[in-house]
**Q** 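Can you read through this structure? Questions will come right after.
These numbers come from the heavy atoms of this one structure, side chains and all, not from hydrogens, waters or symmetry mates. Order of the sequence lines sets the chain letters (A, B, ...), proteins ahead of strands, with each chain counted from 1. The model shown is predicted, which means the values in this text are computed figures rather than measured ones.
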Protein chains: 2
Amino acid sequence: MFEVLFQNVKDKISLTSDEEELAKTLFIPKKLKKKQYLLQQDDVCKYLTIVEKGVLRSYTVDDAGTEHILQLALEGHWVTDMYSFLSQEPAIYNIDAVEDSELLLITNRSLDELYEKIPKFERFFRLLGQKNILSLQRRLTGSLSFTAEDKYLQLTKNFPDLLNRVPQHMIASYLGITRETLSRIKKNLLKDH
Amino acid sequence: MFEVLFQNVKDKISLTSDEEELAKTLFIPKKLKKKQYLLQQDDVCKYLTIVEKGVLRSYTVDDAGTEHILQLALEGHWVTDMYSFLSQEPAIYNIDAVEDSELLLITNRSLDELYEKIPKFERFFRLLGQKNILSLQRRLTGSLSFTAEDKYLQLTKNFPDLLNRVPQHMIASYLGITRETLSRIKKNLLKDH
DNA sequence: AAATACCGGTGACATAAATCAATGATTAAC
DNA sequence: GTTAATCATTGATTTATGTCACCGGTATTT
């Protein structure tokens, strides 16, 4: 159950086995069936979550009922409504499972305990945040300057896994385009082979 | 010179005066005239920078020569090409001054020294990163789901300062729209008063 | 195994925003 | 103080992408 978490952690900091045992006690395992919610808009987000197995998505729903996907989180990715998690105000994002998934959750309180008892985790989450910022910046720059086709090509290049595990209409939503446009882009790319 | 930096730091962690003195030695003051570059694409980004006075922008230039602004950094904001700064690979962003500016720079090496000698800075930059992620997420969600007009309205609401200090065409670029479109949006908003 | 929901593809049409081009207005440079 | 950049505005036109409607295929449910 904890393999993905500790692999993730050991990429950035080293832990003694005592520290690892302590950390384990602070995370809550949870399973989610496909389509089940981890968080619904307007609820308070109580957990920071790492995906051990499966896929989660975080997304907003606009006035027209259209979903806009902020994040597609595969194994080893962290997901939360960060604003709600930190402030305990109502969430603006929904989070649910794209596949049956296994998760590890940590509350804000437990996270504080983790920082206090194993200060190395300050560094871990600093480095994790850095990586996160990099990927958000790349995505935003792409969103500002790329055509729909280029955004799709960038995705196929950087995250080919996503294409197999996530339905097309979610890929489209993640790219900020409609399912129809994505369908036509794929057709075009085949034609130009 | 260091007022903005230490105000920024003390919002998140507390420092003794010894620590403050040590930190001061690790930053390099620099002034930049309007339009001067701090970093050019394809150079290696040597510094993480905080703006003490003035405004910087980071941006990419596409094949057509159009600029796309990732960040507009007012006093107290941190700016760098994070990928280049961390990896010492060539930068993809340009950074230059929108107004005459006063900056404090820190190298990767000095930053490591800072973490080593004052571990509290791990926490500081973790918290800074969190804030950064929040704002990138908000901007990306807006970019995925808002019309040009709504993106502009969100900006006027959240960062009214920017409108006075930065020319319209840069605001447009920051929003991912053309200057012409922004000009028409403003006209429309006035009309509907 | 029939019924139902989900998913991707496609045509016809609509529209937001980009592009191209020209004109003042303001600011900076000489 | 004249010249030259820089900046914002506006009209005409084009284009990428969205919207709406429908279809067939494949899972999923009962």
Side-chain angles (χ1 to χ4, degrees), chain A residues 32-36 55 57 59 61-69 72 96-100 142-156 162-192, chain B residues 32-36 54-55 57 59-69 72 96-100 142-156 162-192:
Chain A
L32 225 54
K33 290 269 179 202
K34 187 173 169 171
K35 297 203 185 179
Q36 279 186 327
V55 188
R57 68 210 260 251
Y59 59 98
V61 181
D62 67 23
D63 299 341
T66 308
E67 297 171 352
H68 302 277
I69 297 183
L72 288 167
D96 65 18
V98 176
E99 307 174 350
D100 294 357
S143 162
L144 293 178
S145 55
F146 289 0
T147 62
E149 180 169 314
D150 287 343
K151 283 190 273 183
Y152 175 68
L153 286 173
Q154 187 190 227
L155 183 77
T156 59
L162 278 182
L163 302 180
N164 309 317
R165 300 195 45 190
V166 175
Q168 302 293 342
H169 69 270
M170 290 188 192
I171 299 288
S173 168
Y174 178 85
L175 293 175
I177 63 181
T178 60
R179 18 178 169 305
E180 293 93 336
T181 296
L182 180 53
S183 178
R184 290 179 181 119
I185 283 168
K186 288 181 66 184
K187 190 181 168 189
N188 246 302
L189 288 172
L190 281 175
K191 196 186 62 185
D192 306 346
Chain B
L32 225 53
K33 290 269 179 202
K34 186 171 171 173
K35 297 202 183 179
Q36 279 186 328
V55 188
R57 69 211 260 251
Y59 59 98
T60 56
V61 181
D62 68 21
D63 298 341
T66 309
E67 296 172 353
H68 303 277
I69 297 182
L72 288 167
D96 64 18
V98 177
E99 306 174 349
D100 293 357
S143 162
L144 293 178
S145 54
F146 289 179
T147 62
E149 181 169 315
D150 287 343
K151 283 191 274 182
Y152 176 68
L153 286 172
Q154 187 190 228
L155 183 77
T156 58
L162 279 182
L163 302 180
N164 309 318
R165 301 199 39 195
V166 175
Q168 301 294 340
H169 69 272
M170 290 190 192
I171 299 287
S173 168
Y174 178 85
L175 292 174
I177 64 180
T178 59
R179 23 182 170 304
E180 292 93 335
T181 296
L182 180 53
S183 177
R184 289 179 182 115
I185 284 169
K186 288 181 65 185
K187 191 182 169 190
N188 245 303
L189 288 172
L190 281 175
K191 197 185 60 186
D192 307 346

**Q** Tell me which of A:Ala148 and B:His169 sits closer to the 5' end of DNA chain D, going by the nucleotide each one is nearest to.
**A** B:His169

**Q** Go through D:dA8, C:dC7, D:dG18 for me and flag the one nearest to the A:Ile177 side chain.
**A** D:dG18

**Q** When the distance from CD of B:Glu67 to P of D:dC7 is rounded to whole Å, what number comes out?
**A** 10 Å

**Q** Would you mind reading off the distance between B:Asp150 atom CG and C:dA16 atom P, rounded to a whole angstrom?
**A**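 Rounding to the nearest Å, CG of B:Asp150 and P of C:dA16 are 12 Å apart.
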
**Q** Please walk me through it: do B:Tyr152 and B:Leu163 pass side-chain contact (heavy atoms from CB on, under 4.5 Å)?
**A** CA-CA 10 Å; B:Tyr152 176 68; B:Leu163 302 180; 4.2 Å; yes

**Q** Find the distance A:Leu190:CG to C:dG8:P and express it as a whole number of Å.
**A**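 Distance check: A:Leu190 CG to C:dG8 P gives 15 Å.
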
**Q** Nearest whole Å is fine: how far is C:dC6 P from A:Glu99 CD?
**A** 17 Å

**Q** CG of B:Leu175 versus P of C:dA16: gap in Å, rounded?
**A** 18 Å

**Q** What is the separation between atom CZ on B:Phe146 and atom P on D:dG18, rounded to the nearest whole Å?
**A** 17 Å

**Q** Does the pair B:Asp96/B:Lys35 count as a salt bridge with the N-to-O cut at 4.0 Å?
**A**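 No.
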
**Q** Rounded to whole Å, how long is the line connecting atom CG of A:Asp100 with atom C1' of D:dT28?
**A** 13 Å

**Q** With the threshold set at under 4.0 Å for non-hydrogen atoms, list the residues of residues 179-186 of chain B touching DNA chain C in residue-number order.
**A**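 Per residue number, the list reads B:Glu180, B:Thr181, B:Arg184.
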
**Q** From CD of A:Glu149 over to P of D:dT15, roughly how many Å is that when rounded to an integer?
**A**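 My rounded result for the distance is 17 Å.
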
**Q** Stepwise, does the side-chain contact (heavy atoms from CB on, under 4.5 Å) test hold for A:Asp62 with A:His68?
**A** CA-CA 8 Å; A:Asp62 67 23; A:His68 302 277; 2.8 Å; yes

**Q** Taking only the side-chain nitrogens and oxygens of B:Lys187, find out if one of them lies under 4.0 Å from OP1 or OP2 of D:dG11.
**A**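 For D:dG11, OP1/OP2 do have a side-chain N/O of B:Lys187 under 4.0 Å.
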
**Q** Does B:Lys33 offer a backbone N or O that forms a donor-acceptor pair with the side chain of B:Asp100 under 3.5 Å?
**A**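 Side chain of B:Asp100 to backbone of B:Lys33: no pair is present.
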
**Q** Quick one: on DNA chain C, does B:Thr66 or B:Lys34 contact a more 5' nucleotide (nearest heavy atom)?
**A** B:Thr66

**Q** Heavy atoms only: give me the nearest B:Pro167-B:Val98 pair and the separation to one decimal.
**A** CD-CG1, 4.1 Å

**Q** Are the side chain of A:Lys151 and the backbone N or O of A:Leu175 linked by a donor-acceptor pair below 3.5 Å?
**A** yes

**Q** Counting heavy atoms not belonging to B:Asp63, are there more than 12 under 6.0 Å from its CG?
**A** no

**Q** Name the closest nucleotide to the A:Thr147 side chain, picking from D:dA8, D:dT17, C:dT19.
**A**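 For the A:Thr147 side chain, the nearest candidate turns out to be D:dT17.
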
**Q** The side chain of B:Thr178 is closest to which nucleotide in this list: C:dG8, C:dT19, D:dC7?
**A** C:dT19

